[in-house]
Amino acid sequence: MAHLTPPQWDRDMRRRLGDGDAAALSELYDRFATLAYGIAQRILGGDEEAAGEVTREVFARLWERPDRFDPSRGPLRTWIADATHRLAVARLRDRPGPGTPDEVAERIRNASTAARADYIVASMPAPLHEALRLTRFRRHDCRETARRLGITEAETRRRLRLGLQLLSSASRYDPDAAGGAVR
């Protein structure tokens with residue numbers, strides 16, 4: 001499940017990184033490297049070497065300039081996910097490969113949507129995640145899901161509706177309009 005962190009933890013982490021605390025970088029890497037690597041790998045089509053390079057670069061940039069992260073604009077987890085996304089997309093755009101510019105843009109959009117959906121599912125509150133898992137992947141109907149979770153069918157439908165609404169936002173996400181470019 002997601003590694004949720006309180007805002008104070010994010011502020012403390014930024015301060016510790018700014019102080020040059022190597023243990024803070026290690027803690028941050030342990031907590032979020034899997035997230036960054038997964039996003040990079042999804043966008044880069046499973047290229048493990050490139051995903052590892054992108055992951056290392058995200059953490060290196062944060063180590064070098066922790067002031068790039070502004071806790072008032074959102075959680076550190078989101079900043080790392082966004083930085084990883086942007087670096088992986090930049091790497092994908094720089095790759096020589098077949099296709100017209102429109103085809104490359106479509107591949108980037110598809111990879112971005114998939115990575116965004118992965119992030120949403122990983123960040124989703126446990127009750128929503130579990131209801132979706134039981135219905136979508138285990139193929140249980142609403143009644144069986146409610147029984148297994150020990151909740152009412154109405155609550156099951158509410159959780160499913162909220163979970164699907166969150167997931168639908170992945171296809172509407174426009175990384176170019178999201179702002180906060182990583183340089």
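Side-chain atoms are counted along with the backbone in the values below, which use heavy atoms only and exclude waters and symmetry mates.
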Quick one: CG on Leu62 to CD on Glu57, what's the gap to the nearest 0.5 Å?
12.5 Å
Which other residues belong to the hydrophobic cluster containing Leu134, where Ile, Leu, Val, Met, Phe, Trp and Tyr are joined when side-chain heavy atoms lie under 4.5 Å apart, directly or via other members?
Leu149, Ile151
Please report the C-alpha distance between Leu166 and Leu128 in whole Å, then the side-chain angles of each, then the deciding distance to 0.1 Å, and finally whether the side chain to side chain contact (heavy atoms under 4.5 Å, CB included) criterion is met.
CA-CA 10 Å; Leu166 284 171; Leu128 301 182; 3.9 Å; yes
When rounded to the nearest 0.5 angstrom, what distance separates OG1 in Thr84 from CD1 in Ile43?
8.0 Å
Report the residues that fulfil salt bridge (charged side-chain N to carboxylate O under 4.0 Å, His left out) with Glu155, sequence neighbours left out, ordered by chain and then residue number.
Arg158, Arg159
So, Thr145 side chain and Cys142 main chain: donor-acceptor pair closer than 3.5 Å or not?
no
Less than 4.5 Å apart, side chain to side chain, heavy atoms only: is that true for Arg61 and Leu87?
yes
Restricting to non-hydrogen atoms, name the atom on Ala81 and the atom on Ile39 that form the minimum distance, rounded to 0.1 Å.
CB-CD1, 3.6 Å
Please give me the minimum heavy-atom distance between Leu160 and Ala131, naming the atom from each residue.
CD2-O, 3.5 Å
Kindly compute the distance separating CG (Leu28) from CZ (Phe69), expressed to the nearest 0.5 Å.
9.5 Å
So Arg91 and Leu44, do their side chains get closer than 4.5 Å, heavy atoms only?
yes
Check side chain to side chain contact (heavy atoms under 4.5 Å, CB included) between Tyr37 and all other residues, then give those that pass, not counting sequence neighbours.
Gln41, Glu48, Ala51, Thr55
Partner residues of Glu153 under the salt bridge (charged side-chain N to carboxylate O under 4.0 Å, His left out) criterion, sequence neighbours left out
Arg143, Arg157
Report the C-alpha separation of Trp79 and Asp70 in whole Å, then their side-chain angles, then the decisive distance to 0.1 Å, and conclude whether the side chain to side chain contact (heavy atoms under 4.5 Å, CB included) test is met.
CA-CA 9 Å; Trp79 188 92; Asp70 180 0; over 6 Å; no
The side chain to side chain contact (heavy atoms under 4.5 Å, CB included) partners of Glu27 (sequence neighbours excluded) come to Trp9, Met13, Arg16
Working to the nearest 0.5 Å, report the span between CG of Leu25 and CD of Glu64.
10.5 Å
Straight-line distance of Arg11 CZ to Ser72 OG, nearest 0.5 Å:
9.5 Å
To check you understand the geometry: which heavy-atom pair defines the closest contact between Asp10 and Leu76, and what is its length?
OD2-N, 3.0 Å
Mind checking whether Arg86 and Val89 have side chains closer than 4.5 Å, heavy atoms only?
no
Test side chain to side chain contact (heavy atoms under 4.5 Å, CB included) applied to Phe59 and Ile80, step by step:
CA-CA 8 Å; Phe59 287 95; Ile80 289 169; 4.1 Å; yes
For Asp47 and Glu49, run side chain to side chain contact (heavy atoms under 4.5 Å, CB included): C-alpha distance rounded to whole Å, both residues' side-chain angles, the deciding distance at 0.1 Å, then the answer.
CA-CA 6 Å; Asp47 184 340; Glu49 184 178 336; 3.8 Å; yes
Taking all heavy atoms of Val54 and all of Ala88, pick out the closest pair and write down the distance.
CG1-N, 4.1 Å
Mind checking what makes salt bridge (charged side-chain N to carboxylate O under 4.0 Å, His left out) contact with Arg65, not counting sequence neighbours?
Asp67
